[in-house]
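Remarks on the structure that follows.
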Amino acid sequence: MKRTNYIIANWKMNGTEKSVSLVKSIQKHILKKRKNSAKIVICPPFTALGGLIQKSKKIIKFGAQDVHHEHAGAFTGSISALMLNQLGVKFVIIGHSERRQYQKESIKELSKKINSALSKNLKVIFCIGETLDEIKKRSSILKKQLTSLPSKFTGNNIIIAYEPVWAIGTGKTPTIKEINSIHKSIRRMISNKIGKEASKVSILYGGSVNQNNSEDILNLSDVDGALVGGASLKSKDFCKIIDSSN
Ligand code: PEP
């Protein structure tokens, strides 16, 4: 089954509208290549989204790093799916481990966010992953996290990013063999929910992907791209990761 490949940049709390030069050099690189099988998505902070969307070509799509579950109301400091949609945002990261940890986002809360994003046609990049303490019970942790997903979803509206928390920003990754087998088991888990459609859902790997390990990771049969943090902030490194996805 041919699935869409994605290389997604998570800038976290880095970058402003002035980061347009970073976007432009990535854009130039993609345009120079004749063939680019992976879709490139950049997720800057909210404040940079509008400006960067306006100044970029359509080959790069933009995503937000979070969304509130309501569309409007008395929620100081929050941004809704309706607002993102009106800004031209196409994707949203939901359930990143940093938000689960620091904002204490619960399974139930994430479920509401996913439903809200889907109702405004945002493609959800849903992050799951175990902490170091949870490695031995990884399977049950991932299964539980996946319960935030609605009972029906498709490969068109949900992307799953498997990000072991202990691999994020640490330079450590599971072995290549482990990554592939975990991705296979995630697909089995979602097929219990959505049946055959599971074969169409892209499952990305995230956690210390860089220009040196990307080729091995991205060529795995069950890995459909990468969610990249640190290495997405340097054009040269990110472009190398993009190149290794073909
Ligand atoms: C992330 O935060 O989603 C991530 C994968 O970070 P890094 O690539 O820096 O490990």
Side-chain angles (χ1 to χ4, degrees), residues 5-15 19 22 26 38-46 48-49 60-67 89 91-105 110 113-114 117 122-132 134-135 138 141-142 145-146 148 158-176 178-180 182-183 186 202-220 222-245:
N5 267 286
Y6 293 93
I7 305 293
I8 302 181
N10 176 13
W11 286 5
K12 310 193 186 197
M13 201 169 69
N14 298 290
S19 311
L22 174 53
I26 296 164
K39 288 202 171 153
I40 312 302
V41 181
I42 297 181
C43 304
F46 286 132
L49 271 168
I60 293 187
K61 304 283 181 235
F62 286 88
Q65 298 172 17
D66 178 46
V67 67
V89 173
F91 293 78
V92 60
I93 298 174
I94 294 181
H96 191 282
S97 63
E98 285 151 15
R99 294 202 60 88
R100 289 182 194 258
Q101 185 185 350
Y102 304 130
Q103 272 73 35
K104 305 278 175 262
E105 293 185 344
L110 294 175
K113 288 185 181 218
I114 293 171
L122 297 176
K123 216 173 236 203
V124 171
I125 305 153
F126 181 55
C127 301
I128 57 170
E130 78 286 354
T131 63
L132 200 53
E134 295 165 339
I135 282 191
R138 176 192 286 134
I141 293 290
L142 299 182
Q145 291 175 340
L146 286 168
S148 290
I158 297 284
I159 298 164
I160 292 172
Y162 168 61
E163 298 205 300
V165 181
W166 52 272
I168 295 178
T170 60
K172 294 183 189 139
T173 64
T175 66
I176 293 298
E178 274 172 334
I179 294 176
N180 211 44
I182 299 165
H183 278 227
I186 293 171
S202 301
I203 303 180
L204 319 188
Y205 171 77
S208 293
V209 173
N210 59 42
Q211 65 284 12
N212 301 316
N213 61 18
S214 55
E215 194 165 344
D216 288 342
I217 296 173
L218 294 171
N219 281 323
L220 291 167
D222 287 270
V223 173
D224 309 309
L227 180 54
V228 187
S232 71
L233 295 170
K234 288 190 201 127
S235 161
K236 209 168 144 210
D237 295 354
F238 193 61
C239 289
K240 273 201 180 152
I241 296 172
I242 292 174
D243 288 349
S244 50
S245 73

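Note that this is a predicted model, so its numbers are computed, not measured. Quick note: numbers below take in every heavy atom, side chains included, and nothing from hydrogens, waters or symmetry partners. Atoms within each ligand, like the ligands themselves, are counted from 1 in listed order.
The shortest N or O to N or O distance between G229 and ligand 1 is under 3.5 Å. Polar contact check, G206 against ligand 1: no nitrogen or oxygen pair lies under 3.5 Å apart. Between G169 and ligand 1, at least one N/O pair is under 3.5 Å apart. Close N/O approach between K12 and ligand 1 is found [any backbone or side-chain N/O within under 3.5 Å].
Scanning the protein heavy atoms around atom 5 (C) of ligand 1, the nearest turns out to be E163 OE2, 3.0 Å. Ranking the protein heavy atoms by distance from atom 1 (C) of ligand 1 puts H96 NE2, 3.2 Å first.
Each of the atoms 5 (C), 10 (O) of ligand 1 lies under 4.0 Å from some heavy atom of G207. For ligand 1, the atoms sitting less than 4.0 Å from at least one non-hydrogen atom of S208 are 7 (P), 8 (O), 10 (O), numbered in the order shown with element in parentheses. Set against the non-hydrogen atoms of G230, the atoms of ligand 1 under 4.0 Å away are 7 (P), 8 (O), 9 (O).
Between H183 and Y162, the two ring planes are perpendicular [angle over 60°; tilted spans 30° to 60°].
When all heavy atoms are compared, the tightest approach of C43 to I125 is SG-CD1, 4.4 Å. For the residue pair A161 and L227, the shortest heavy atom distance occurs at CB-CD2, 3.9 Å. When all heavy atoms of E105 and L110 are compared, the pair lying nearest together is OE1-CD2, 3.3 Å. Closest approach of I241 to L218, counting heavy atoms only: O-CD1, 3.7 Å.
The only option from K61, K123, K39 that meets the side-chain hydrogen bond (donor to acceptor under 3.5 Å, both in side chains) definition with Y6 turns out to be K123.
Residue N10 touches ligand 1 through its side chain alone, judged by heavy-atom distances below 4.0 Å.
Residue A231 places every heavy atom at 4.0 Å or more from ligand 1.
In this structure a side-chain-to-backbone donor-acceptor pair under 3.5 Å is present from R100 to C127.
The shortest side-chain heavy-atom distance between D66 and I93 does not fall under the 4.5 Å cut-off.
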